[in-house]
Peer 1: 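The structure under discussion is supplied below as structure tokens; questions concerning it will follow.
Residue numbers start from 1 in every chain, and the chains themselves are labelled A, B, ... in the order their sequence lines are given, proteins ahead of strands.
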2 protein chains.
Amino acid sequence: MDEIPERLTVKPSWLITQLAVHARRLVFDGFAAAGARGYHYRILAALHEFGPASQAELGRRCRVDRSDVVTAVNQLVEQGVVDRTPDPDHGRRNKVTLTPDGVQQLRRMDQLLDQVQDDLLEPLSAEDRQTLTRLLGRVLAHHESP
Amino acid sequence: MDEIPERLTVKPSWLITQLAVHARRLVFDGFAAAGARGYHYRILAALHEFGPASQAELGRRCRVDRSDVVTAVNQLVEQGVVDRTPDPDHGRRNKVTLTPDGVQQLRRMDQLLDQVQDDLLEPLSAEDRQTLTRLLGRVLAHHESP
DNA sequence: CTATAAGTGTTGGTGCCACCAACATCGCAT
DNA sequence: ATGCGATGTTGGTGGCACCAACACTTATAG
């Protein structure tokens with residue numbers, strides 16, 4: 001490989017965005033085996049953890065735009081992993097529900113993701129992995145709270 | 001803000017890619033003030049650090065695809081921050097050179113980026129910032145060497 | 001020396017992720 | 001009741017990363 005300008009390699013913003021490229025590639029390749037994408041996992045995870053929800057709710061919980069939730073839920077319905085029904089208590093709202101197939105799909109994706117985490121942090125000791133995770137969590141939380 | 005599924009917040013791949021979103025936004029907003037984009041900075045940095053280079057070389061050093069280098073260099077030439085001349089020793093190759101205006105632009109972007117680093121890692125102590133940078137560097141290097 | 005491989009610039013296209021504006025519709029608070 | 005905010009949906013934008021193909025040039029192998 002060619003040498004990278006030091007101006008870049010020294011900057012946390014570079015390290016984070018470049019590492020994110022590799023992380024997204026690993027995740028993408030993993031999910032490709034299950035015919036799914038990142039948005040799908042986020043939504044399935046939110047449904048499994050908090051139960052049925054409206055699309056707007058899903059969007060807020062998963063950091064996905066309302067309009068992108070529409071597309072993703074369309075695909076998830078098509079795959080039979082979620083159901084979309086009108087909310088009886090609310091004319092406009094939809095209720096999105098996880099199907100049994102969806103639960104199974106989520107478990108499969110969880111296993112794939114666990115492997116990805118391992119590949120991603122391969123060169124780090126268990127302790128370093130924990131440190132990195134903690135620091136990243138602190139920084140991310142700071143940029144989401146205000 | 002709404003609560004995020006724990007399945008996500010626990011995974012390094014999530015933390016990295018989400019934090020990258022914030023980092024890219026900060027960088028983008030900073031560069032917007034200078035009328036530039038991420039690719040522009042990478043290329044100017046490589047030219048300043050290693051001197052004039054071909055487009056293919058720039059692409060390898062900056063982790064930018066050859067075809068995207070074409071577009072970026074077009075814009076940089078338009079802005080007058082680089083020159084593109086045919087390489088006399090090589091029929092096909094171009095020689096891209098930093099202009100004095102380019103050096104000045106690079107310095108401006110450097111200052112903007114320094115501020116961005118500070119905003120990005122705001123909640124961390126100097127020591128934690130160093131730790132985080134070190135760990136990220138180790139992981140990134142691992143995914144680029146093989 | 002010649003056939004073949006490898007490198008270079010360029011065009012054009014793809015996909016993911018994030019985001020915005022606008023619209024019609026519905027619930028809620030004043 | 002009226003206006004305000006939330007909701008689902010459509011359609012579009014942009015940055016970044018990437019791929020395929022082409023014309024052409026240099027380097028390499030035989």
Peer 1: Report the distance from atom CD1 of A:I43 to atom P of C:dC17, rounded to the nearest whole Å.
Peer 2: 11 Å
Peer 1: Which residue, B:R61, B:R63, B:R138, B:R60, forms the salt bridge (Lys or Arg N to Asp or Glu O under 4.0 Å) with B:E144?
Peer 2: B:R63
Peer 1: Just by distance, no angles: are the side chains of A:N74 and A:E78 close enough, under 3.5 Å, to form a donor-acceptor pair?
Peer 2: no
Peer 1: From C-beta outward on B:S67, which listed nucleotide comes closest to its side chain: D:dT10, C:dT11, C:dC17?
Peer 2: C:dT11
Peer 1: Separation of B:Q55 atom CD from C:dG7 atom P, in whole Å?
Peer 2: 17 Å
Peer 1: Taking 4.0 Å as the cut-off, does a side-chain nitrogen or oxygen of B:R24 come that near to OP1 or OP2 on D:dC16?
Peer 2: no
Peer 1: Using five pairs at either end of the helix from C:dC1-D:dG30 to C:dT30-D:dA1, determine the angle between the two local helix axes and round it to 10 degrees.
Peer 2: 20°
Peer 1: Taking atom P of D:dA17 as reference, at what distance in whole Å does atom CG of A:L19 sit?
Peer 2: 13 Å
Peer 1: How close or far is atom P of D:dG14 from atom CG of B:D68, stated in whole angstroms?
Peer 2: 16 Å
Peer 1: Please tell me which of the listed nucleotides, C:dA18, D:dC19, D:dT10, lies nearest to the side chain of B:V21?
Peer 2: C:dA18
Peer 1: Both A:Q18 and A:R66 contact DNA chain D. Taking the nearest nucleotide for each, which residue is further toward the 5' end?
Peer 2: A:R66
Peer 1: Is any side-chain N or O of A:R92 closer than 4.0 Å to OP1 or OP2 of C:dC28?
Peer 2: no
Peer 1: Counting only N and O atoms by type, is there a donor-acceptor contact under 3.5 Å from the side chain of B:R129 to the main-chain atoms of B:L124?
Peer 2: yes
Peer 1: Rounded off to whole Å, could you give me the CD-to-C1' distance for the A:Q75 and C:dC17 pair?
Peer 2: 13 Å
Peer 1: Assess whether one donor atom and one acceptor atom, taken from the side chain of A:S54 and the base of D:dG8, lie less than 3.5 Å apart.
Peer 2: no
Peer 1: Verify the distance criterion only: is there a donor paired with an acceptor across the side chains of A:R84 and A:Q55 at less than 3.5 Å?
Peer 2: yes
Peer 1: What is the distance, rounded to the nearest whole Å, between atom CG of B:N74 and atom C1' of C:dT11?
Peer 2: 11 Å
Peer 1: Rounded to whole Å, please give me the gap between CD in B:E144 and P in D:dA17.
Peer 2: 11 Å
Peer 1: Under 4.0 Å between a side-chain N or O of B:R93 and OP1 or OP2 of C:dG7?
Peer 2: no
Peer 1: Checking A:R108 against A:Q105: is there a side-chain donor and acceptor pair closer than 3.5 Å?
Peer 2: yes
Peer 1: Separation of B:R37 atom CZ from C:dA18 atom P, in whole Å?
Peer 2: 19 Å
Peer 1: When you check the side-chain N and O atoms of B:D65 and B:S67, is any donor under 3.5 Å from an acceptor?
Peer 2: yes
Peer 1: Side chain of B:D65 only, heavy atoms from C-beta on: which candidate in C:dA18, C:dC20, D:dC19 is closest?
Peer 2: D:dC19
